Amino acid sequence: MAERLILHIDMDCFFAAVEQRDNPELRGKPVIVGGLSSRGVVSTASYEARKYGVHSAMPMALAKRKCPQGIFLTGNYPQYKAVSAQIFEIMSRFSPLVEPLSIDEGFLDITGMERFIKGNPRNYGMKLKQAVLKETGLIASVGIAPNKFLAKLASDLEKPDGLVIIRQEDIQRILWPLPIARIWGVGKKTEERLAAFGYRYIGDIARAGKDVLQKQVGERLARHLVELANGKDDRPVEPVRDAQSIGKETTFEENLQSRQEVEQHLLYLSAQVGWRLRRSGKNAHTVQIKIRLGDFSTYTRQKTLSDAICYDEDIFKEAKALFRAFSLPYGSGIRLLGVSCSGFDAPSEISLFEMENKQKKERLYTAIDKIKARFGEDKIAHLGESRVLKKINASLDGSEARH
Ligand SMILES: [Mg+2]
């Protein structure tokens, strides 16, 4: 493969930085944005809060213990989305190939932009940072390298306000002395596992080689680790025209008359939407239900969550709560029900605590999703199918319409 040039841009403390930009009284203070429930995790901590050891993906309860004087916010997700759109618009001026990685970071393939770069990727990265600062008032860190892994690593090396270039010949010098946790996908647990075998630095992995590592941690992880430790990563920058929402709705031949029927069907719809989210690798912050009554009056209710979700039961829990909170003028019954998710977010950092639970859930859902893929989604998860009135119209919106 010809040498590529990949740029990774990542906003510094994005949610906290937006809050501090919009609320001057928060500047210079430890601001922590995230889920404030007992199960919540920190989305973003300002640098002031990081001094107390608070970081992304940390359980909120722990963050409160570490930084009791912190300012804790659930955050203003619609505002972050708006700023994010502005940042991605700027990125699109710097490369036709932009891949959003999460709400505040993306990859740009800038290979072959020599005409504009004039042999100097650093200038290009600097121009992008300056445009973001000028237009949004926010600071970004940028990394430029021959592939995604190294570009992402580079953007993190001199945060905040970093601009780091890693070339092929820098791999041993820059990559190998870094702790193993810097390898993409290595969390605390994998780090501890590798430490038990004496591996502490990325160079240790590269020197050990795949054969040795394979016996210790298994083939899949060994391959992943050795490739990345040698700075190899062929993943292309894949621009995705993201659907704004993924949803499913059903129109009933006979109107639903009881709460029980409605909730059964909300469960069915939640399972359909969950499957589509997982299939497209998305986590959603917003759950919406749509209700059309017998007289064709149509209502939507939605809730935006600090923690993004993708599992059936989590979607159902929110959909059901939205329905129950909605005092419905039943009368002629319900003609149409819909569930949709939006506000997608790919978590850039993985919480270890969440990971363990997630892995269990993922095994379960992978099995379910395989069956669905094999037999068709309508063959499974027809919960209480006989009691749900015959569907006369099941329409999809969002990305589904494009498949
Ligand atoms: Mg960021």
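Keep in mind that what you see is a predicted model, and the values were worked out from it rather than measured. As the structure lists them, so they are numbered: ligands from 1, and atoms in each ligand from 1.
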Q) Any idea which N/O/S atom from Asp10 gets closest to the Mg ion (ligand 1)? A)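 Looking only at N, O and S atoms of Asp10, the one nearest the Mg ion (ligand 1) is named OD1.
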Q) Considering only N, O or S atoms, which atom of Asp104 is nearest to the Mg ion (ligand 1)? A) OD2
Q: Can you sort out the partners of Lys129 under salt bridge (charged side-chain N to carboxylate O under 4.0 Å, His left out), two or more places apart, ordered by chain and number?
A: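 Here the qualifying residues are Asp161.
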Q. Is any side-chain N of the basic residue among Lys159 and Asp156 closer than 4.0 Å to the acidic one's carboxylate O?
A. no
**Q.** Cationic N near anionic O, under 4.0 Å, Lys210 to Glu227
**A.** no
Q: Tell me whether the guanidinium CZ or amine NZ of Arg235 lies under 6.0 angstrom from the six-membered ring centre of Trp184 and within 45° of its axis.
A: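 Yes, Arg235 lies over the aromatic ring of Trp184.
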Q. Does any N, O or S atom of Ser102, backbone or side chain, fall under 2.8 Å from the Mg ion (ligand 1)?
A. no
